[in-house]
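What follows is a single structure, written as structure tokens, with notes after it.
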Number of protein chains: 2
Amino acid sequence: MSGVTIYQVAREAGVSPSTVSNFLNGRPGRMLPQTRTRVADAIDRLGYRPNRAARQLRTGQIQVVGLIVPSVANPFWGNFARYLERAALADGYHVLLCNSEREPDRERRYLEELWADGIRGVVLCSSLPSLDHVLPLVSAGLSLVAFDRTAQAGDPGSLVNISVDNVVGAHLATAHLLELGHRRIAFVSGSLRSVNRRERFRGFTDALEQAGMDPTEAIVWSGGAEQEPYGDLDAAGLGRAAAHELLHSDKPPTAIVAINDMCALGISAGIRDAGLRVGQDVSVVGFDDIVLADLAAPPLTTVRQPIGDMAAVSFRHLRSRIDETDTGPSQSLLLRPELVVRASTGPAPDPRE
Amino acid sequence: MSGVTIYQVAREAGVSPSTVSNFLNGRPGRMLPQTRTRVADAIDRLGYRPNRAARQLRTGQIQVVGLIVPSVANPFWGNFARYLERAALADGYHVLLCNSEREPDRERRYLEELWADGIRGVVLCSSLPSLDHVLPLVSAGLSLVAFDRTAQAGDPGSLVNISVDNVVGAHLATAHLLELGHRRIAFVSGSLRSVNRRERFRGFTDALEQAGMDPTEAIVWSGGAEQEPYGDLDAAGLGRAAAHELLHSDKPPTAIVAINDMCALGISAGIRDAGLRVGQDVSVVGFDDIVLADLAAPPLTTVRQPIGDMAAVSFRHLRSRIDETDTGPSQSLLLRPELVVRASTGPAPDPRE
DNA sequence: TAGCCTTGCTGCATCGTTCCACCGGTAAAT
DNA sequence: ATTTACCGGTGGAACGATGCAGCAAGGCTA
């Protein structure tokens, strides 16, 4: 224990504990300036720090939010966690970290634990289409911000969804390739079950359609669904396998849109395996703009998720829900992605060569 | 609030709150079997969950440990965080996440906050040679496990250090290259100020010496010290720059030992930039074995840190310090690294070619 | 049968903070 | 002259769980 209590401060300052409490809790106007300085001095002198447990017991408030991510070992989530923690810290909040491994049951158990800990706000990063498993907690009063996910039918009544605009993002990526003259473009991902992957695919087909192409004839590679539903951890391995397969087909694509950067890096490796040059023989676009995208050889053209902003927005919304300054109905917030052109994309190779 | 208190459970079961408390706190033998089941049933029926704040206020105990890492955006730390959280969860503990960005001042502030939150155990991931900035907290009673760091003179009295054996690790890497016939081997890192980097360098020179070579003639590239003391974030960019420089020197190395995997990946990119083949023209060894090492093209030979074990061991030691089952003096624990041979290393090229 | 132990349970003070109710005193409003 | 309002504070009851001291009731010894 820090040891020093509000009583000791009160005695040191020659006032009552209530006055010290008033001083600490935004009512410093309730006392004479001299009293105020006496209290402030006493706090300094004794090195007093309020006991959070006692405060929480009394008020029911706690300055901690929960963060549930699939796995913080994934650089994308690690990065998000870092920015969320930064935003929280700026408001004096701490972040409790939970890794769900995308298992609904673990998500639910975590939420229950957090609730029992007195935590009233959680950022849930789960692309699961259904949130049925967390409904009871939400109706009990838990504030939830769902990240990387847009609203779905059957969602709880008061949910904030925050996500990048996946349709726009994939559209940007695809349009970029079309502009470079590519016509045989492939879309590569793992299973398409999760919400955001479905959206990215739609952005892809929309762009093709706008260019007057038939999206039903698009090359779509979507494997690995059986072993690992969301193709999360081995996205890169998946991409590599996809590249091998696609490049050895009759009419190989000249450009590939990947579901995310890890996948794109795998695809790049696969292209090299086939003796081709990334960005010259075959162009590749990723999604996310993880740190590695810029470090790869060649650096990866990708769709940047404004992850810092998204984390800050997530925290801000969560806080206003917790503080009940915002009690509105469910809403979705889509942040605008940005195309970052690097060297993994280039003009379509001349077919006459 | 979960709402239901120990009093309601007591009334429901027809006993006193004390009995419910006894039931919950490992003294179920102090009552008749029938009483026990009545209490258990009441808890079930009401869905009672103990209020942690109240419990913490009363006992001073809290089932949360702190984790301070340089940045969870770095895959290595993200991975460690994941495993630490797993170990903690198995014991019913939660993990509070803090990103220090390697700033001593932030480390200190975090520790003070955690202390005020009632947290009595923290895993501190800091390679800073001096821990002076956290001494006051430790002597106040905070249990500290220092990760990725070995004991130094001037450390606080009761500190557990957990780290991989860096000397052995770098020795393994270097010996592997020597066995492959390489003689011109370079060591590449950012600043050498941090503890583990110094150790890895020693492992490198030791291995050269054992092979009958003069370590003072070894090729050492250690740049970027001015701009960014620990070369953490742009380790890859650093590696790339190093590769460019080294490969254009009079007598370029045929093999390179990198301070870590990110750096090694950068070096690989630099080798390709120079029109050479990684693993054939120039061999590269990394350190850490991050997920990406296996996904790179070519896959990276590296020294694996048993990160899962290290996280589990860290938590176990931390807990026994918190519980005061282990109050021994300061100690260091070195886990054994393992060489993982992949395709980024190969026989030294024939000098006659 | 008095004295003492054991068993199974309860009463109550306590952890540190908050915040509502209230106090005496003075000044302004009615 | 009485009411009302405010000022600068204080008192004390919570918040929910814990664990010590203690208390009946029954059993044991002598």
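Everything numeric in this text was worked out from a predicted model, so none of it was measured. Lettering of chains follows the sequences in order, A, B, ..., and the numbering in each one begins at 1.
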The side chain of [X] lies closest to which of these nucleotides: [options]?
{"X": "A:T19", "options": "C:dC9, D:dT10, C:dT17", "value": "D:dT10"}
{"X": "B:V15", "options": "C:dT10, D:dA17, C:dT17", "value": "C:dT10"}
{"X": "A:I6", "options": "C:dT10, C:dT17, D:dG9", "value": "C:dT17"}

Please produce a list of atom pairs where a protein N or O lies less than 3.5 Å from an N or O of nucleotides 11-15 of chain D.
from   : atom 1 : to    : atom 2 : distance (Å)
D:dG11 : N7     : A:S18 : OG     : 3.1
D:dG11 : O6     : A:S18 : OG     : 3.0
D:dG12 : O6     : A:S18 : OG     : 3.0
D:dA14 : N3     : A:R58 : NH1    : 3.2

Without decimals, in angstroms, what is the distance between [X] [atom1] and [N] [atom2]?
{"X": "B:R55", "N": "C:dT14", "atom1": "CZ", "atom2": "C1'", "result": "17 Å"}
{"X": "A:L32", "N": "D:dC6", "atom1": "CG", "atom2": "P", "result": "18 Å"}
{"X": "B:R38", "N": "C:dG8", "atom1": "CZ", "atom2": "P", "result": "14 Å"}
{"X": "B:Q61", "N": "D:dG19", "atom1": "CD", "atom2": "C1'", "result": "14 Å"}
{"X": "B:L24", "N": "D:dA17", "atom1": "CG", "atom2": "P", "result": "8 Å"}
{"X": "B:N22", "N": "C:dT10", "atom1": "CG", "atom2": "P", "result": "10 Å"}
{"X": "A:R36", "N": "D:dC7", "atom1": "CZ", "atom2": "C1'", "result": "13 Å"}
{"X": "B:N25", "N": "C:dC9", "atom1": "CG", "atom2": "C1'", "result": "16 Å"}

So, B:R120 side chain and B:S143 main chain: donor-acceptor pair closer than 3.5 Å or not? no
Output yes when [X] and [Y] qualify as a salt bridge under the 4.0 Å nitrogen-oxygen rule, no when they do not.
{"X": "A:E107", "Y": "A:R102", "result": "no"}
{"X": "A:E113", "Y": "A:R109", "result": "no"}
{"X": "A:D41", "Y": "A:R38", "result": "no"}

Salt bridge (charged side-chain N to carboxylate O under 4.0 Å, His left out) pairs, two or more places apart, involving residues 9-18 of chain A: A:E12-A:R45
Tell me every residue that passes side-chain contact (heavy atoms from CB on, under 4.5 Å) with A:S18, counting only those two or more places apart in sequence or in another chain. A:S16
What about A:Y83 and A:F315, are their ring centers closer than 6.0 Å? no
